[in-house]
Amino acid sequence: MNDTAILLVGHGSRNREGNKEILHFAAQWRDRHPGWRIETCFIEHAEVLLDEGLDRAALGARHVVTIPFILNAAGHVKMELPAAIERARQRHPGVAFACARHLGMGREIFTVLKGQLDRLLKQLDMPDPRTTGVVLLGRGSSDAGANGELAKMARWLFEDGDHELVDLAFTGVTWPRLETVVQRQARLGMTQICVVPVYLFTGVLMERIKAQVARLQRQYPQIAFALGTHFGFDKGIFDLLDAKVGGQELPEGALLECDGCKYRIAAEAEHLHDHSHTHVHHTDHDHGHHHGSVHGHAHEHAHA
């Protein structure tokens, strides 16, 4: 690891507390591995963005391992990150850049979500799961594959327990929203509802979720609500990143699936030419409005 730098790439939040939490996470990760060189940067809404982060990591290194510290891969991870890495390769020809896959929705994240749900059930004094609805609440993406990964977690939670209803909701971009799902579960007789946010760190959306659940509690006084929290500091997240650095979960090699993909290159003309998240504030609906519109379909065929 002496000649290797690890670059942890966060999404970035308009809420500075969210970005600070990622920096705190990196500090704790360094404490776990004093011999590792760990740098951080963000895709948007931060001082140190991708190009600068890659340059910092490359300084004095022969190898840079980039880790997208993001749960689901949509346009940011599939398009912007590989493009930034390619630019960095041109600026630093003597440095080998590799990119691990994003955190994803595998058994490790499932274990973290299950732990969240178990804590919420205890908070509600262990109600009957058959009358306790569960709502996994994700960020939402225009990339169907990213939304589908969350659907997989909902199915695994359903099969793992005795809950009658385990549903999905999203805070933006796609549907359904939390209010719609709660309304549906109330009609179907749920007397308790556990809302499990699928978020690593705090941010604008986490604050919005708290306000939504408080409003829903007033709207449905007969239902007991329990709201989970972000889980980026869970031990399972540190363990998952350790595995990524070691390449343990990358039988296909330490490259992001879209790195060097011809479909990604073909889609860049559509996606990257006017994509300026770091300069323009977007609403929920136009945030990522064409992530994966070309790349998503072609890429699924290419890597199936």
Side-chain angles (χ1 to χ4, degrees), residues 1-89 91-92 95-104 108-109 112 139 199-206 230-247 249-250 254-256 259 277-279:
M1 294 293 292
N2 290 339
D3 59 358
T4 298
I6 299 163
L7 180 61
L8 199 62
V9 179
H11 183 282
S13 170
R14 293 190 184 98
N15 181 324
R16 292 197 176 273
E17 289 304 311
N19 292 350
K20 283 182 184 177
E21 286 191 353
I22 291 182
L23 298 178
H24 291 322
F25 178 95
Q28 291 184 27
W29 198 25
R30 289 186 195 101
D31 289 342
R32 280 175 65 123
H33 304 287
W36 291 10
R37 183 182 154 208
I38 300 170
E39 302 280 350
T40 56
C41 74
F42 298 87
I43 293 174
E44 61 178 343
H45 306 310
E47 290 181 11
V48 181
L49 301 178
L50 278 173
D51 288 331
E52 184 179 350
L54 287 161
D55 287 344
R56 288 185 181 189
L59 195 63
R62 293 181 59 190
H63 304 276
V64 172
V65 178
T66 304
I67 300 180
F69 199 20
I70 292 172
L71 288 169
N72 283 319
H76 284 313
V77 175
K78 288 182 176 178
M79 309 286 254
E80 291 166 53
L81 185 52
I85 289 174
E86 188 53 42
R87 292 193 299 270
R89 286 177 178 142
R91 293 193 303 271
H92 307 280
V95 179
F97 290 87
C99 188
R101 289 174 61 86
H102 58 289
L103 297 185
E108 302 89 350
I109 299 297
V112 172
R139 181 181 297 271
Y199 284 78
L200 288 171
F201 298 107
T202 192
V204 173
L205 295 179
M206 282 301 304
H230 50 283
F231 50 77
F233 290 98
D234 191 287
K235 180 181 179 294
I237 304 299
F238 288 99
D239 293 342
L240 178 54
L241 288 183
D242 287 351
K244 286 186 175 297
V245 172
E249 93 307 354
L250 296 171
L255 285 179
L256 185 71
D259 189 21
H277 278 295
T278 53
H279 303 295

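Along the sequence shown, residues carry numbers from 1.
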- request: Without swapping roles, check the side chain of Arg30 against the backbone of Ile38 for a donor-acceptor pair under 3.5 Å.
  value: yes
query: Are His92 and Asp55 close enough, and set up right, to give a side-chain hydrogen bond (donor to acceptor under 3.5 Å, both in side chains), and what steps lead you there?
result: CA-CA 8 Å; His92 307 280; Asp55 287 344; 2.7 Å; yes
Leu241/Leu8 under side-chain contact (heavy atoms from CB on, under 4.5 Å): CA gap, chis, key distance, verdict: CA-CA 10 Å; Leu241 288 183; Leu8 199 62; 3.9 Å; yes
- prompt: Less than 4.5 Å apart, any side-chain heavy atom of Val245 and any of Thr4?
  reply: no
field: side chain to side chain donor-acceptor pair (under 3.5 Å) partners of His24, counting only residues at least two apart
entry: none
query: Does Leu7 offer a backbone N or O that forms a donor-acceptor pair with the side chain of Arg56 under 3.5 Å?
result: no
message: Within the structure provided, determine whether Trp29 and His33 are in side-chain contact (heavy-atom separation under 4.5 Å).
response: yes
Inter-residue atom distance His11.NE2 - Leu71.CG, 0.5 Å rounding: 11.0 Å
message: Looking at every non-hydrogen atom in both residues, tell me the closest pair between Leu49 and His45 and how far apart they are.
response: CD2-N, 4.4 Å
- request: Give, for atom CD1 of Ile67 and atom OG1 of Thr40, the distance between the pair rounded to the nearest 0.5 Å.
  value: 12.5 Å
- line: Tightest non-hydrogen contact, residues Leu200 and Phe69, listed as CD1-O, 3.5 Å
query: Which heavy atom in Arg37 sits nearest to a heavy atom in Leu59, and how many Å separate them?
result: NH1-O, 2.9 Å
message: How about CD on Gln28, more than 12 heavy atoms from neighbouring residues, nucleotides or ligands closer than 6.0 Å, or not?
response: yes
- prompt: Can you find a heavy atom in the side chain of Asp51 that is under 4.5 Å from one in the side chain of Arg91?
  reply: yes
- prompt: At their closest point, which heavy atom of Asn19 faces which heavy atom of Ala46, and how far apart are they?
  reply: ND2-CB, 3.9 Å
- prompt: Taking Asn15 for the side chain and Thr202 for the main chain, is one N or O donor matched with an acceptor at less than 3.5 Å?
  reply: no
Over all atoms of both residues, closest heavy-atom pair of His102 and Ile70: CB-O, 3.3 Å
task: Just jot down the ring-ring contact (aromatic ring centres under 6.0 Å, His included) partners of Phe231, sequence neighbours excluded, or say none.
output: none
- prompt: Between Leu50 and Leu81, is any pair of side-chain heavy atoms under 4.5 Å apart?
  reply: yes
Inter-residue atom distance Trp36.CH2 - Asp31.CG, 0.5 Å rounding: 13.0 Å
message: Are the side chains of Val112 and Leu240 in contact, using a 4.5 Å heavy-atom criterion?
response: no
- prompt: Between His63 and Asp3, is any pair of side-chain heavy atoms under 4.5 Å apart?
  reply: yes
field: Asp239 side chain near Glu108 side chain, heavy-atom distance below 4.5 Å
entry: no
Atom pair CZ (Phe201) and CZ (Phe25), whose distance is rounded to the nearest 0.5 Å: 5.5 Å
message: For the CZ atom of Arg89 and the CD atom of Glu86, what is their distance to the nearest 0.5 Å?
response: 5.5 Å
- prompt: So do Ile109 and Ile237 actually touch side chain to side chain, heavy atoms under 4.5 Å?
  reply: yes
For the student: nearest non-hydrogen atoms of Pro68 and Ala100, plus distance: CD-O, 3.2 Å
field: Distance, nearest 0.5 Å, that separates OG1 of Thr66 from NZ of Lys244
entry: 12.5 Å
